[in-house]
Amino acid sequence: MPMSTSSAVSKKSVVPAVFGRQKDSFGRLNMSTVAAEEEEETEKKSIWKKIKSIIPPANERKKLLPLGLIFFCNLFIYTILRDTKDVLMVTAPGSGAEVIPFLKTYVNLPAAIGFTVLYSKLCNKMEQKDVFYTCTFPFLAFFSAFAMFIYPNVNVLHPNALIDHLAGILPLGFSAPLSIIRNWSYALFYVMAEMWGSVVVSLLFWSFANEITSVDEAKKYYPLFGMGANVALIFSGQYVKWVSNIRKALPPGVDAWGVSLKYLMGAVVACGCSMLGLFSYMQRNIVNDPASVDKTKKKGPKKAKVKMGMRESAKFLMDSEYIRNLATLVISYGMCINIVEVTWKSKLKMAFPNPNDYSTFMGNFSSATGTVTLIMMLLGRSIFQKFGWRVAALITPTMIGVTGLAFFGLNMFSGFFEPVAGALGTTPLMLAVLVGAAQNILSKSSKYSLFDPCKEMAYIPLDQESKTKGKAAVDVIGNPLGKSGGSFIQQILIFLVGNLAMATPYLAGILGVLVYFWVKAANSLATKFDEAMIAVEEA
């Protein structure tokens, strides 16, 4: 049946309308898709921009990468030395953790003072790069000689017969000094290992880093310098553990420690030579490159170089409240960590009397320290950027105060915690060892990630005289003085109350007092640091 005219017209008008609506719909859909794609592209660009903002520019990468590798080598070496010196000295004949306070006071401190005199003279006569080489080579030579010549002949070199005779005559209170004399080569190794941390890590490396790093770069990258270095803690800890397993596998009659020392000191010398090679590379290719080190930007007011003797240098530093505050921070850290650490090591020897087991535990301890420090390093950059120098400087004393008092509390009230230890499937002794290990790990990780960068940033706005000699006095004398001060306190308490266990309540109280003065000095230094930075910017 044919359609009517009106019906045909109606149908024709409907079709274009439908197609028009579809076309409009497709247009809107297409525009929406384009907008979504543009938004996604913008988001990708934003993410890439954020990634690029995190990555240092090429001129900064050129110096930051070798600096990080030098610090990596430094801490790899120091971790091996730190673990080895403890095993040697604590497990030596007639020795123990109680010897450490006497060793730090009467051997380590005089050696540090003597080195400071020598360093001051070297700085007056040599360029800084030559001082670096001159101070580093003797360490590497000694550690090599110890493994190859000194340790294999300890029975000839150590005066065992003389000390046995003197021990039968002198009172029991002389046992610690006699032990140091008996094991003099181990004591010398202990001091050289401690001095590596003070001289090569704290003084030489950071002096060099401060010379080629601006304040803005320091704020961004100092917390990250240690990230690669603290991977070294993980690797060196596992290396020590691997060497411990080699000792276990050796047949009877073989000098296990002699074999392990050759492996350990071989790694120290190899890493030390790598560090010197990197330092030499930076001297040739980076230090004089204006794109990497802009020497026109002064980090502090420039003064003419003045040669000063030790007495004049000490007077100059004592007149500076800024340097005194820095020294208070370093000394407080050394005293606090020593007060807790010696008590912990006495518990550690009770739990692991066998040197192999002791060394294996220390290897795992170092690896755990490296892992936690890496996490703290990642947080450190954000803390500096969001909260500033003051907050970053106050975290370490707070951490040490809280965890240290918890450790002492566990020792003082061990009977109260015995059910807790039983529920955890361990003993009060092992629980104290683990809590002490956690305290040491958190203390060291906050030191490497926050305390050290804060301390080094504080030197940057100073003039060259204050920076060079002030740093030498604070780092090389301040570190041992802090540890020796803590050791001297322990010696007095051991003499008065009998042993470390009886001295625990007094040590806890002294720790609280030290943390108070530490916090006070950090707040004072934060104010002066801000003032010094304003003066530098105005200059």
Side-chain angles (χ1 to χ4, degrees), residues 104 197-198 201-202 206 222-223 226 230 321-344 369 372-373 375-377 379-384 386-410 435-459 471 474-475 477-490 504-530:
K104 289 182 182 292
S198 298
V201 179
S202 294
W206 284 111
Y222 270 17
N230 282 285
E321 187 179 355
Y322 193 99
I323 297 295
R324 286 203 307 273
N325 282 330
L326 266 172
T328 301
L329 264 62
V330 173
I331 292 170
S332 296
Y333 174 83
M335 292 184 72
C336 289
I337 198 69
N338 180 258
I339 283 173
V340 180
E341 195 174 44
V342 172
T343 304
W344 174 61
T369 302
V372 175
T373 303
I375 297 171
M376 290 289 290
M377 287 281 181
L379 295 174
R381 187 176 183 183
S382 299
I383 291 171
F384 275 107
K386 292 183 179 179
F387 302 104
W389 192 94
R390 186 186 301 270
V391 172
L394 290 173
I395 288 177
T396 303
T398 304
M399 182 83 73
I400 289 179
V402 172
T403 57
L405 292 175
F407 170 72
F408 282 129
L410 187 61
V435 171
Q439 192 278 335
N440 269 265
I441 288 169
L442 291 172
S443 299
K444 286 181 169 60
S445 63
S446 63
K447 176 187 185 292
Y448 294 140
S449 59
L450 295 170
F451 180 82
D452 284 346
C454 280
K455 175 167 65 75
E456 300 310 323
M457 284 182 197
Y459 287 111
K471 186 168 176 56
V474 170
D475 287 351
I477 292 182
N479 278 323
L481 184 60
K483 295 175 182 179
S484 299
S487 299
F488 189 67
I489 290 171
Q490 291 171 7
T504 299
Y506 304 101
L507 292 173
I510 292 169
L511 179 67
V513 173
L514 288 171
V515 169
Y516 167 77
F517 283 106
W518 185 352
V519 169
K520 185 177 179 181
N523 275 314
S524 175
L525 184 59
T527 302
K528 294 191 175 299
F529 176 72
D530 292 339

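- The nearest pair of heavy atoms linking A521 to T328 is CB-CG2, 3.5 Å.
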| field | Worked check of side chain to side chain contact (heavy atoms under 4.5 Å, CB included) between Q439 and V340 | value | CA-CA 9 Å; Q439 192 278 335; V340 180; 3.3 Å; yes

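- Interatomic distance, CZ of F387 versus CD1 of I383, reported as 7.5 Å (0.5 Å rounding).
- Of all the heavy atoms in A458 and W389, the pair that sits closest is CB-CZ2, 4.3 Å.
- Atoms CG and OG1, from L442 and T403 in turn, are 6.0 Å apart once rounded to the nearest 0.5 Å.
- The minimum heavy-atom distance between A393 and C454, with the atom names listed, is N-SG, 3.6 Å.
- Side-chain contact check for S449 versus L379: every heavy-atom pair is 4.5 Å or farther apart.
- A distance of 10.5 Å separates OG1 of T504 from CG of L410, quoted to the nearest 0.5 Å.
- Distance OH/Y322 to OG1/T527: 11.0 Å, rounded to 0.5 Å.
- I331 places none of its side-chain heavy atoms less than 4.5 Å from the side chain of W518.
- Between I339 and L514, some side-chain heavy-atom pair lies under the 4.5 Å cut-off.
- The distance from the OG atom of S332 to the CD1 atom of I337 is 12.5 Å, given to the nearest 0.5 Å.
- Remark: of the listed residues T396, L450, L525, V330, V330 is the sole one forming a side chain to side chain contact (heavy atoms under 4.5 Å, CB included) with K455.
- Of all heavy-atom pairs between S445 and M376, the closest is OG-CG, 3.8 Å.
- For Q490 (side chain) and T343 (main-chain N/O), no donor-acceptor pair under 3.5 Å exists by modelled atom type.
- When all heavy atoms are compared, the tightest approach of T398 to L394 is OG1-O, 2.8 Å.
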| request: Report the C-alpha distance between T373 and K444 in whole Å, list the side-chain angles of each, state the deciding distance to 0.1 Å, and finish with yes or no for side chain to side chain contact (heavy atoms under 4.5 Å, CB included). | output: CA-CA 8 Å; T373 303; K444 286 181 169 60; 5.6 Å; no

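- In this structure, W344 and V435 have side chains that are not in contact, with every pair of non-hydrogen atoms separated by 4.5 Å or more.
- Taking CG from D452 and OG from S446, the interatomic distance works out to 9.5 Å, rounded to the nearest 0.5 Å.
- The two residues P397 and V515 make their nearest non-hydrogen contact at O-CG1, 3.7 Å.
- Residue F488 qualifies as open at atom CZ: its count of foreign heavy atoms under 6.0 Å is 12 or below.
- The backbone N or O of I400 sits nowhere less than 3.5 Å from a side-chain atom of S443 that would complete a donor-acceptor pair.
- You'll find the side chain of I489 stays beyond 4.5 Å of the side chain of Y506, heavy atoms only.
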| request: Please report the C-alpha distance between T369 and N440 in whole Å, then the side-chain angles of each, then the deciding distance to 0.1 Å, and finally whether the side chain to side chain donor-acceptor pair (under 3.5 Å) criterion is met. | output: CA-CA 8 Å; T369 302; N440 269 265; over 6 Å; no

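- Side-chain contact between K528 and N325 is present, with at least one heavy-atom pair separated by less than 4.5 Å.
- Classified by interplanar angle (parallel below 30°, tilted 30° to 60°, perpendicular above 60°), the ring pair Y333/F451 is parallel.
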